[in-house]
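The structure under discussion appears below in the form of structure tokens.
Predicted model only: the values in this text are computed from it and were never measured.
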Amino acid sequence: MTIRLYDTRARQIRDFTPLKPGCVSIYLCGATVQAAPHIGHIRSGLNFDILRRWFEYRGYEVTFIRNVTDIDDKIIAKSAEQNRPWWAIGYENERAFSEGYRALGCLPPTYEPRATGHITEMVEMMRGLIERGHAYEADGNVYFAVTSFPDYLQLSNQELENLLQPSGEGETGKRDPRDFAMWKAAKPGEPSWETPWGRGRPGWHLECSAMAHKYLGSAFDIHGGGLDLIFPHHENEIAQAQAFGDRFAQYWVHNAWVTMSGEKMSKSLGNSVLVSEMVKRWRPIVLRYYLGTPHYRSMIEYSEEALREAESAFARIEGFVQRVTELAGGPVEPAPQVPPAFAEAMDDDLGVPQALAVVHTTVRQGNSALAADDKEAAVARLAEVRAMLGVLGLDPLDEHWAGGGDRGEDLHGVVDTLVRMVLEQREAARARKDWPTADAIRDQLNQTGLVIEDSPQGPRWSLGPR
């Protein structure tokens with residue numbers, strides 16, 4: 001029962017050994033809140049939500065930190081472009097991210113710190129790095145001297161001689177063009193904070209190093225984020241933290257992107273698909289299935305067809321859950337343990353696709369039991385399915401989805417009442433052997449997107465595929 005994860009720094013799958021037995025500490029780079037989230041942003045949150053759920057299933061106590069970058073160059077640029085305060089833009093989009101995570105069933109983090117709430121910790125880290133000879137002040141900026149840290153580029157595996165460090169406007173006074181800014185001198189009209197080196201604002205990389213230290217200490221288990229963060233962000237985080245004296249993260253876990261036409265989904269490319277719009281067109285639980293079930297290290301190429309396939313696949317699972325729940329006369333409790341094949345897949349670098357295959361196999365077995373009128377076997381299979389879906393955050397009977405977390409669930413009772421009134425008319429027509437009327441009612445309901453299924457317990461309805 002050893003969980004194994006692909007460690008980007010080691011470039012191999014490693015057995016997971018926590019720093020503290022029975023506990024797991026995770027830091028995930030969260031939202032930069034210059035705009036509302038697209039589904040590529042939320043994929044990262046989903047992947048690490050499933051990882052967290054699996055650790056908790058395996059009995060670990062998880063501390064999960066997901067930060068909010070509420071000040072950086074992009075937010076300041078948006079502020080100037082929209083003629084709105086930077087903090088108003090940040091807060092508006094922070095709420096949009098929170099709503100996106102919630103809509104798709106992500107558990108809330110243990111703590112969700114904002115960068116602007118940790119300036120004191122950043123100043124302390126810069127002071128320590130300057131004292132140790134790893135950083136220096138120039139023109140009100142504070143830079144990290146990359147040649148002072150021999151292990152620089154250990155994560156991205158680049159050659160220092162060929163390094164091209166991204167650099168922003170106003171980054172003057174560098175001793176080496178490869179050095180990166182931890183603190184940026186104040187510019188007129190921009191937000192700034194007082195430091196021993198003058199007023200200014202933090203650099204992106206410093207924010208995460210300081211917040212990880214604050215909430216997880218000098219060493220923690222897992223640092224996560226998208227592949228695009230490996231360099232420069234995570235590389236520079238490591239340099240700052242370890243030069244400061246922290247051991248920092250023991251494992252580096254990175255999720256792949258959602259792409260469109262082969263390109264990474266991003267705001268700058270103008271090809272983003274906003275979560276707020278997607279949940280109007282697709283049930284959030286279907287979006288979770290679509291984004292959360294591919295392997296976290298595999299690219300997802302966005303398409304409407306792929307979403308429809310995900311919708312149909314989840315409908316097969318949901319239909320089985322509904323049928324057996326009705327047969328049992330009420331909810332069937334999840335099994336205390338998931339099937340061994342499911343656990344084996346999840347332990348092996350979070351193998352969700354292989355684990356999902358076990359879910360579908362169990363659903364087929366349950367449907368066979370239903371066809372054979374084997375209630376006991378059908379109920380047993382449902383208990384296993386619910387246990388597995390719970391780990392994946394996809395149990396349709398979970399309070400989040402059944403209690404209004406899914407789009408339209410607040411209207412489910414109203415729709416159910418209206419449909420059942422129509423179905424009663426159909427049943428009356430069938431009772432008097434008026435088959436044309438009964439068939440016409442069924443066909444009209446089908447045209448609205450509802451699927452009517454006759455069962456020994458009576459007719460039931462469900463949403464059909466698109």
Side-chain angles (χ1 to χ4, degrees), residues 1-8 13-16 24 26 28 39-60 62 64 101 104-107 222 224-227 251-259 282-303 306-307 309-318 320-321 334-335 337-364 384-396 398 400-401:
M1 196 191 78
T2 300
I3 295 176
R4 307 176 72 234
L5 293 171
Y6 184 85
D7 181 4
T8 303
I13 294 177
R14 297 172 55 202
D15 290 350
F16 176 76
V24 180
I26 303 173
L28 174 64
I39 59 174
H41 294 126
I42 299 298
R43 182 193 182 183
S44 179
L46 277 175
N47 290 151
F48 284 91
D49 181 65
I50 294 172
L51 178 62
R52 172 202 188 160
R53 288 171 183 263
W54 184 242
F55 274 123
E56 290 179 344
Y57 171 83
R58 280 304 198 193
Y60 288 94
V62 179
F64 181 55
Y101 291 131
L104 270 64
C106 293
L107 299 173
I222 297 171
L227 284 174
Y251 297 81
W252 287 85
V253 179
H254 292 92
N255 64 276
W257 304 327
V258 179
T259 60
W282 302 90
R283 295 172 60 205
I285 198 169
V286 170
L287 281 176
R288 183 179 177 101
Y289 185 98
Y290 170 69
L291 294 170
T293 54
H295 194 275
Y296 75 92
R297 290 195 286 120
S298 299
M299 297 293 181
I300 299 175
E301 175 66 15
Y302 171 80
S303 71
L307 262 165
E309 291 173 357
E311 183 179 50
S312 297
F314 185 72
R316 292 193 291 272
I317 297 173
E318 196 170 29
F320 168 72
V321 173
Q337 301 290 330
V338 298
F342 181 94
E344 182 180 355
M346 295 294 287
D347 281 340
D348 186 13
D349 195 29
L350 211 65
V352 174
Q354 294 77 16
L356 190 65
V358 180
V359 174
H360 282 286
T361 296
T362 308
V363 167
R364 287 193 294 271
E384 293 172 346
V385 167
R386 286 203 65 194
M388 293 185 283
L389 293 179
V391 168
L392 300 176
L394 287 169
D395 182 1
D398 182 86
H400 175 78
W401 307 114

Check: [Y] main-chain N/O paired with [X] side-chain donor or acceptor under 3.5 Å:
{"X": "R52", "Y": "V62", "result": "no"}
{"X": "Y296", "Y": "I50", "result": "no"}
{"X": "D7", "Y": "W252", "result": "yes"}
{"X": "W401", "Y": "G393", "result": "yes"}
{"X": "R43", "Y": "W257", "result": "yes"}
{"X": "H360", "Y": "R316", "result": "no"}

Please report the closest heavy-atom contact between [X] and [Y], naming both atoms and the distance.
{"X": "S44", "Y": "L28", "value": "OG-CD1, 3.7 Å"}
{"X": "T293", "Y": "Y290", "value": "OG1-O, 4.2 Å"}
{"X": "R53", "Y": "V391", "value": "CD-O, 3.2 Å"}
{"X": "I3", "Y": "D347", "value": "CG1-OD1, 3.4 Å"}
{"X": "P396", "Y": "I285", "value": "CA-CD1, 4.1 Å"}
{"X": "G292", "Y": "V352", "value": "O-CG1, 3.7 Å"}

How about [X] and [Y]: do any of their side-chain heavy atoms sit closer than 4.5 Å?
{"X": "I222", "Y": "L5", "result": "yes"}
{"X": "E384", "Y": "V358", "result": "no"}
{"X": "R58", "Y": "V24", "result": "no"}

Show your reasoning for whether side-chain contact (heavy atoms from CB on, under 4.5 Å) applies to M346 and V338.
CA-CA 11 Å; M346 295 294 287; V338 298; over 6 Å; no
In Å, rounded to the nearest 0.5 Å, how long is the span from [atom1] of [X] to [atom2] of [Y]?
{"X": "F342", "Y": "T361", "atom1": "CZ", "atom2": "OG1", "value": "12.5 Å"}
{"X": "E318", "Y": "D395", "atom1": "CD", "atom2": "CG", "value": "10.0 Å"}
{"X": "L51", "Y": "F16", "atom1": "CG", "atom2": "CZ", "value": "8.5 Å"}
{"X": "Y289", "Y": "E311", "atom1": "OH", "atom2": "CD", "value": "12.0 Å"}
{"X": "T8", "Y": "Y251", "atom1": "OG1", "atom2": "OH", "value": "13.0 Å"}
{"X": "R297", "Y": "N255", "atom1": "CZ", "atom2": "CG", "value": "11.5 Å"}

Could you go step by step and tell me if Y6 and L350 meet the side-chain contact (heavy atoms from CB on, under 4.5 Å) rule?
CA-CA 9 Å; Y6 184 85; L350 211 65; over 6 Å; no
Please test V253 against F48 for side-chain contact (heavy atoms from CB on, under 4.5 Å), starting from the C-alpha separation and ending with a verdict.
CA-CA 9 Å; V253 179; F48 284 91; 3.9 Å; yes
Would you please name every residue forming a side-chain hydrogen bond (donor to acceptor under 3.5 Å, both in side chains) with R4, sequence neighbours left out?
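Partners of R4 by the side-chain hydrogen bond (donor to acceptor under 3.5 Å, both in side chains) criterion, ordered by chain and then number, come out as D15.
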Got more than 12 heavy atoms from elsewhere within 6.0 Å of CD, E344?
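No, because the 6.0 Å sphere around CD of E344 holds 12 heavy atoms or fewer from other groups.
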side-chain contact (heavy atoms from CB on, under 4.5 Å) between W282 and R288, intermediate numbers included
CA-CA 10 Å; W282 302 90; R288 183 179 177 101; over 6 Å; no
